[in-house]
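These notes are about the structure you will find just below.
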Amino acid sequence: MSAVRAALLLAVCMLAACSRLGPPQELRVGEQLVSVRLAKGWEAREEVGAVALSAPQTGQSTPMTVHLRDLGPVTPAGYRRELAAIAGLWEHRKADAAMTRLSALRWPRELFPSLARDAAFSEAWSALVRAPPGTGFAEVKADFETVDQSLASTPPLAPAALTTWALRQVDSGARREVTARKAVAVDGRAAEEIETRDTLAQGLPRRILLVPNEGRMLLATTGILARDADGERYEAIRDALKLPTSKPPLNGG
């Protein structure tokens with residue numbers, strides 16, 4: 001087969017595959033906006049803390065599903081954006097919503113080792129999370145600024161260390177071993193794809209996709225990939241993911 005003919009055949013196949021995809025769907029995954037085109041019959045539904053992309057049910061088998069989840073901010077820049085958004089809510093007299101979002105933030109020592117030795121940060125953070133109901137923004141503005149200044153001088157983890165940390169959050173305590181890791185691109189963003197298998201059965205593969213996005217981490221996980229076609233379906237979803245640039249957070253962060 002000539003190179004030209006092979007290229008034309010590939011183009012025809014790609015067009016045929018695209019024609020089987022539905023229109024782009026915009027999904028809110030935590031605080032991230034995701035756009036994806038799904039194959040005919042697939043559906044997107046919200047679950048607790050995640051969005052599930054599911055294939056149609058066929059017979060008695062469990063339908064193939066890919067779960068999308070927002071792991072939250074994972075870099076100093078990501079935390080600064082999140083805190084700016086929280087400060088904006090507080091400033092616009094939405095303190096209850098701000099406190100709910102604030103209480104969800106965690107400060108993993110592996111991500112921010114220097115903050116454990118930062119007394120000004122610790123004092124300001126304690127003041128924020130312990131602010132009594134009805135506290136006005138003017139009373140906590142200086143604390144937000146102190147936390148932001150501490151984050152501004154905190155170096156981020158190297159990408160490889162960041163994805164290693166994120167992987168531990170996903171499979172912590174599971175009897176699975178990593179059998180493959182590779183770099184991939186998702187909508188132009190550098191990401192990492194991991195395959196794990198059950199340590200006892202030496203099989204039951206599943207895929208984990210970690211996509212750093214504007215200081216946050218988007219997670220995509222599959223169930224057990226029982227058939228080769230399941231892996232291909234997952235890859236089609238991965239390649240169809242789009243991550244529109246989010247709007248700037250409130251308060252100018």
Side-chain angles (χ1 to χ4, degrees), residues 14 17-18 20-72 74 159-160 162-213 216-244:
M14 291 178 66
C18 288
R20 294 194 294 269
L21 297 177
Q25 297 185 49
E26 285 200 345
L27 309 171
R28 174 62 66 176
V29 182
E31 296 300 322
Q32 300 192 57
L33 186 63
V34 176
S35 175
V36 66
R37 296 179 66 191
L38 298 176
K40 183 179 180 180
W42 281 62
E43 65 174 2
R45 67 179 187 279
E46 292 186 2
E47 295 186 351
V48 178
V51 172
L53 310 177
S54 299
Q57 178 80 46
T58 56
Q60 300 299 315
S61 62
T62 301
M64 159 84 177
T65 301
V66 176
H67 285 91
L68 302 178
R69 187 155 60 97
D70 179 12
L71 289 184
V74 293
L162 184 58
T163 52
T164 296
W165 170 84
L167 179 61
R168 288 200 299 269
Q169 315 313 304
V170 178
D171 263 2
S172 177
R175 296 180 304 186
R176 303 186 67 80
E177 61 179 347
V178 174
T179 55
R181 297 177 73 153
K182 69 175 182 179
V184 296
V186 175
D187 195 22
R189 292 163 172 79
E192 185 164 4
E193 185 174 277
I194 298 115
E195 182 177 283
T196 68
R197 292 177 182 265
D198 186 276
T199 54
L200 298 179
Q202 293 300 307
L204 308 178
R206 65 181 292 217
R207 303 273 188 93
I208 299 169
L209 179 67
L210 297 166
V211 189
N213 179 36
R216 305 181 76 88
M217 184 72 77
L218 178 69
L219 167 71
T221 57
T222 71
I224 302 303
L225 301 176
R227 300 170 294 275
D228 289 343
D230 289 341
E232 294 171 359
R233 289 170 176 170
Y234 152 75
E235 290 170 1
I237 289 176
R238 178 199 67 198
D239 295 342
L241 285 175
K242 302 294 180 184
L243 305 173

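Residue numbers run from 1 in the order of the sequence given. These numbers were taken from a predicted model, which means no experiment stands behind them.
Heavy-atom minimum distance, Thr163 versus Leu210: O-CD1, 3.5 Å. What you find for Ser54 and Arg45 is that their closest heavy atoms are OG-NH1, 2.7 Å. Considering every non-hydrogen atom in both Ala44 and Val51, the closest pair reads CB-CG1, 4.5 Å. Between Leu204 and Ile224 the shortest heavy-atom distance is O-CD1, 3.5 Å. The minimum heavy-atom distance linking Leu53 with Trp42 is given by the pair O-CZ3, 3.5 Å. Among all heavy-atom pairs drawn from Pro24 and Ser35, the shortest one is CB-OG, 3.7 Å.
Annotation: side chain of Val66 is not in contact with side chain of Arg238 (no heavy-atom distance under 4.5 Å). No side-chain heavy atom of Asp187 sits less than 4.5 Å from a side-chain heavy atom of Leu241. Taking 4.5 Å as the limit, every side-chain heavy atom of Trp165 sits out of range of all side-chain heavy atoms of Met217. Considering only heavy atoms from C-beta on, Thr164 comes within 4.5 Å of Arg168 through its side chain. In this structure the side chain of Leu225 reaches within 4.5 angstrom of the side chain of Met64, judged on heavy atoms. Side-chain contact between Thr221 and Arg206: present, with at least one pair of heavy atoms (C-beta onward) separated by less than 4.5 Å.
By the neighbour-count criterion of 12 heavy atoms within 6.0 Å, atom CD of Glu46 is sparsely surrounded, having that number or fewer from other residues, nucleotides or ligands.
For Asn213, the side-chain contact (heavy atoms from CB on, under 4.5 Å) partners are Gln32, Arg189, Leu243, not counting sequence neighbours.
Note that CD1 of Ile237 is 13.0 Å distant from CZ of Arg37, once rounded to the nearest 0.5 Å. Between Lys182 atom NZ and Ile194 atom CD1 the span is 11.5 Å, to the nearest 0.5 Å. To the nearest 0.5 Å, the span separating CG on Leu68 from CD on Glu47 amounts to 10.5 Å. Here Glu31 contributes atom CD and Arg216 contributes atom CZ; the two are 5.5 Å apart, rounded to the nearest 0.5 Å. If you take CG on Leu219 and CG on Leu167, they are separated by 9.5 Å, rounding to the nearest 0.5 Å. Going from atom CD of Glu43 over to atom OG1 of Thr65 covers 9.0 Å, rounded to the nearest 0.5 Å.
Here the side chain of Thr222 pairs a donor or acceptor atom with the backbone of Arg207 at under 3.5 angstrom. Although no hydrogens or angles enter the test, the distance criterion places no donor-acceptor pair under 3.5 Å between the side chain of Thr199 and the main chain of Glu177.
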